[in-house]
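Written below as structure tokens is the structure these notes are about.
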Amino acid sequence: MIHVTDSRRSRLYEELSTESRRYLAAYALFNQAVADHLDLHPTDVQCLSLLTAEPEPLTVRQIADLTGLTTGSATRLVDRLERGGYVARTPDSQDRRRVLVTPVPERIARVAAVWDDLAPAWHALLDSHTEDELEIITRHMRRAHDLSHAQMRHLRSRPKPD
């Protein structure tokens with residue numbers, strides 16, 4: 001009996017590995033299509049997504065930490081977004097030495113309109129799942145997010161291969 005379970009588990013891991021690679025590639029290509037549609041860089045789209053998911057504005061250092069970029073690269077990213085009118089740099093009222101990056105709602109609405117146009121198809125996909133399945137998917141995504149960040153830190157701490 002254990003052999004059957006191990007065999008099934010092995011097959012499921014293999015299938016999940018294949019589907020995960022396909023999903024991640026599809027998401028990266030989807031993100032590129034959204035960025036192209038908005039005349040933005042794919043990293044800019046992801047940064048805007050992260051900024052609007054946070055309850056408070058972030059510093060450039062926090063953006064660097066969230067994205068895995070160096071502070072110099074994060075600064076250039078924020079510069080691009082600021083030139084495009086998507087974000088504004090504002091002094092932190094609690095600490096005047098800090099500058100916060102704040103999304104500009106009127107410009108973010110441009111990005112939100114693209115998502116609103118695409119949302120019905122994503123909602124239809126999610127509607128095909130039970131509430132229990134949605135909880136499992138959400139838990140998996142949350143844990144995969146945390147693992148991805150840990151893996152990124154691990155990769156960045158290691159020397160690059162020859």
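As a basis for the values below, the full set of heavy atoms in this structure was taken, side chains included, without hydrogen atoms, waters or symmetry mates.
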I need the [X] [atom1] to [Y] [atom2] distance, nearest 0.5 Å.
X    : Y    : atom1 : atom2 : result
R76  : D44  : CZ    : CG    : 12.0 Å
T138 : R143 : OG1   : CZ    : 13.0 Å
Y27  : Q32  : OH    : CD    : 12.0 Å
H41  : N31  : NE2   : CG    : 10.0 Å
L100 : S93  : CG    : OG    : 7.5 Å

* **Cluster link L29 to Y23, ILVMFWY, side chain under 4.5 Å** => no
* Answer with yes or no whether the hydrophobic clustering places L50 together with V111; edges join I, L, V, M, F, W, Y residues whose side-chain heavy atoms lie under 4.5 Å apart. => yes
* Asked: If you count the non-hydrogen atoms of other residues, nucleotides and ligands that lie under 6.0 Å from CZ in F30, is the total more than 12?
  -> yes
* Heavy atoms from other residues, nucleotides or ligands near CZ of R156 exceed 12 (cutoff 6.0 Å) -> yes
So [Y] and [X], do their side chains get closer than 4.5 Å, heavy atoms only?
X    : Y    : value
S10  : D6   : no
V99  : V60  : no
V101 : P57  : no
L66  : L58  : yes
R139 : E135 : no

* Sequence neighbours excluded, which residues qualify as salt bridge (charged side-chain N to carboxylate O under 4.0 Å, His left out) partners of D95? -> R97
N/O donor-acceptor pair under 3.5 Å between [X] side chain and [Y] backbone:
X   : Y   : answer
T67 : I63 : yes
Q62 : T59 : yes
S20 : L16 : yes

* Under 4.0 Å between a Lys/Arg side-chain N and an Asp/Glu carboxylate O for D65 and R61? -> yes
* Is any NZ, NE, NH1 or NH2 atom of the basic residue among R89 and D79 found under 4.0 Å from an Asp or Glu carboxylate oxygen of the other? -> yes
* Might you point out which heavy atoms bring V104 and V87 nearest each other, and give the distance in Å? => CG2-C, 3.6 Å
* Residue pairs involving residues 98-109 (criterion side-chain hydrogen bond (donor to acceptor under 3.5 Å, both in side chains); sequence neighbours excluded) -> T90-T102, D92-R98
* For residues T70 and S73, is any side-chain donor paired with an opposing acceptor at under 3.5 Å? -> yes
* Asked: So, Y86 versus R110: side-chain donor-acceptor pair below 3.5 Å or not?
  -> yes
* Structure fact -> So the salt bridge (charged side-chain N to carboxylate O under 4.0 Å, His left out) pairs with at least one residue in residues 20-38 (sequence neighbours excluded) are E19-R22
With a cut-off of 3.5 Å and sequence neighbours excluded, list every side-chain donor-acceptor pair involving residues 113-129.
residue : atom : partner : partner atom : Å
S128    : OG   : L125    : O            : 2.6
H129    : ND1  : E133    : OE1          : 3.4

* To do: Using side-chain contact (heavy atoms from CB on, under 4.5 Å) as the criterion, list what pairs up with R11, not counting sequence neighbours.
  => R8, E15
* Structure fact -> Sorted by chain and residue number, the side-chain contact (heavy atoms from CB on, under 4.5 Å) partners of S148 (sequence neighbours excluded) come out as none
